[in-house]
Engineer: 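Starting off with a structure, shown below.
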Amino acid sequence: MRAFRYRLYPTKAQEAALLDTLRLTRELYNAALQERRDAHRKVGKSVSVYEQMRSLPEVKAVRPEFKTVHAHVLQGVVTQLDRAFRGFFRRVKQGVTAGYPRFKGADRWDSFAFK
């Protein structure tokens, strides 16, 4: 599989829209991480990536600003979190020092992806 990177030269309005998308995707990542942590701590149950993807329309209904972000971008955020957890549990199983997935601040969240 090939990956491509493109340098963008957005207008001021486009830059504002891209920064808003970054903010919303970071917020979704942190909320999905919190949901997984709470489910495990309170109920002892794990939340799957598919359960979180199925809840995305509900998120859009409650928070209309998420309607401006393409569905594939939101699904990619949840998938990225799932990859972080799979890597964490793989390292734990191997006996390597594993860092639990972290909440992301604005300085640690600088991109999003389309399928």
Engineer: Write down the atom of Leu18, the atom of Phe112, and the distance for their closest heavy-atom approach.
Structural biologist: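 In this case the closest contact between Leu18 and Phe112 is CD2-CZ, 3.8 Å.
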Engineer: Rounded to the nearest 0.5 Å, what separation is found between the CG atom of Asp38 and the NE2 atom of His40?
Structural biologist: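 Result: 11.5 Å between the selected atoms.
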Engineer: With a 4.5 Å limit on heavy-atom distance, are the side chains of Asp20 and Arg23 in contact?
Structural biologist: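 Yes; the side chains approach each other to less than 4.5 Å.
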Engineer: Write down the atom of Val92, the atom of Ala98, and the distance for their closest heavy-atom approach.
Structural biologist: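 Minimum heavy-atom separation between Val92 and Ala98: CG2-CB, 3.7 Å.
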Engineer: Which atoms form the tightest heavy-atom contact between Leu33 and Leu81, and what is the distance?
Structural biologist: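 Heavy-atom minimum between the residues: N-CD2, 3.5 Å.
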Engineer: Would you say the side chain of Thr79 lies within less than 4.5 Å of the side chain of Met53, judging by non-hydrogen atoms?
Structural biologist: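 Yes, side chains in contact.
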Engineer: Is there a donor-acceptor pair closer than 3.5 Å between any side-chain N or O of Gln52 and the backbone N or O of Ala32?
Structural biologist: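 Judged by distance alone, yes, a pair lies under 3.5 Å.
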Engineer: What pair of heavy atoms forms the shortest contact from Phe66 to Val59, and how long is it?
Structural biologist: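 Nearest pair, atom of Phe66 first, then Val59: CD1-CG1, 3.9 Å.
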Engineer: Under 4.5 Å between side-chain heavy atoms, counting indirect links through other Ile/Leu/Val/Met/Phe/Trp/Tyr residues: same cluster for Val78 and Val62 or not?
Structural biologist: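 No, separate clusters.
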Engineer: First locate atom CG of Asp110, then atom NZ of Lys104, and finally report the distance between them rounded to the nearest 0.5 Å.
Structural biologist: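 Result: 10.5 Å between the selected atoms.
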Engineer: Can you tell me how far CZ of Arg36 sits from OG of Ser46, rounded to the nearest 0.5 angstrom?
Structural biologist: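 Atom-to-atom, Ser46:OG and Arg36:CZ are 8.0 Å apart.
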Engineer: Can you establish whether the number of heavy atoms outside Tyr50 located under 6.0 Å from its atom OH is more than 12?
Structural biologist: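 No.
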Engineer: Working to the nearest 0.5 angstrom, can you tell me the gap between Leu28 CG and Glu35 CD?
Structural biologist: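 One finds 9.5 Å between CG of Leu28 and CD of Glu35.
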Engineer: Salt-bridge test for Asp107 and Arg26: reply yes if a basic N is under 4.0 Å from a carboxylate O, no otherwise.
Structural biologist: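 Answer for the salt bridge query: no.
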Engineer: Quick one: closest heavy-atom pair of Gly99 and Phe88, and the distance?
Structural biologist: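 Nearest heavy atoms, Gly99 then Phe88: O-CD1, 3.4 Å.
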Engineer: To the nearest 0.5 Å, how far apart are CG in Leu24 and NZ in Lys67?
Structural biologist: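 The NZ atom of Lys67 is 13.5 Å from CG of Leu24, to the nearest 0.5 Å.
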Engineer: To the nearest 0.5 Å, what is the distance between CD on Gln14 and CG on Leu8?
Structural biologist: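 Gln14 atom CD to Leu8 atom CG measures 8.5 Å (nearest 0.5 Å).
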Engineer: Decide yes or no for Phe85 and Val47: does some side-chain heavy atom of the first lie under 4.5 Å from some side-chain heavy atom of the second?
Structural biologist: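 In short, these two side chains do not touch, never coming nearer than 4.5 Å.
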Engineer: Do Lys60 and Leu56 come close enough that some side-chain heavy atom pair is under 4.5 Å?
Structural biologist: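 In short, these two side chains do not touch, never coming nearer than 4.5 Å.
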Engineer: In the structure I gave you, are the side-chain heavy atoms of Arg108 and Phe103 within less than 4.5 Å of one another anywhere?
Structural biologist: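 Contact flag for Arg108/Phe103 side chains = no.
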Engineer: Within the distance-only criterion (no hydrogens, no angle test), does the side chain of Ser55 pair as donor or acceptor with the backbone N or O of Glu58 below 3.5 angstrom?
Structural biologist: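 Pair absent, no side-chain N/O of Ser55 close to backbone of Glu58.
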Engineer: Students often mix this up, so state it plainly: with edges at 30° and 60°, are the rings of Trp109 and Tyr29 parallel, tilted or perpendicular?
Structural biologist: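 Rings of Trp109 and Tyr29: tilted, 30 to 60°.
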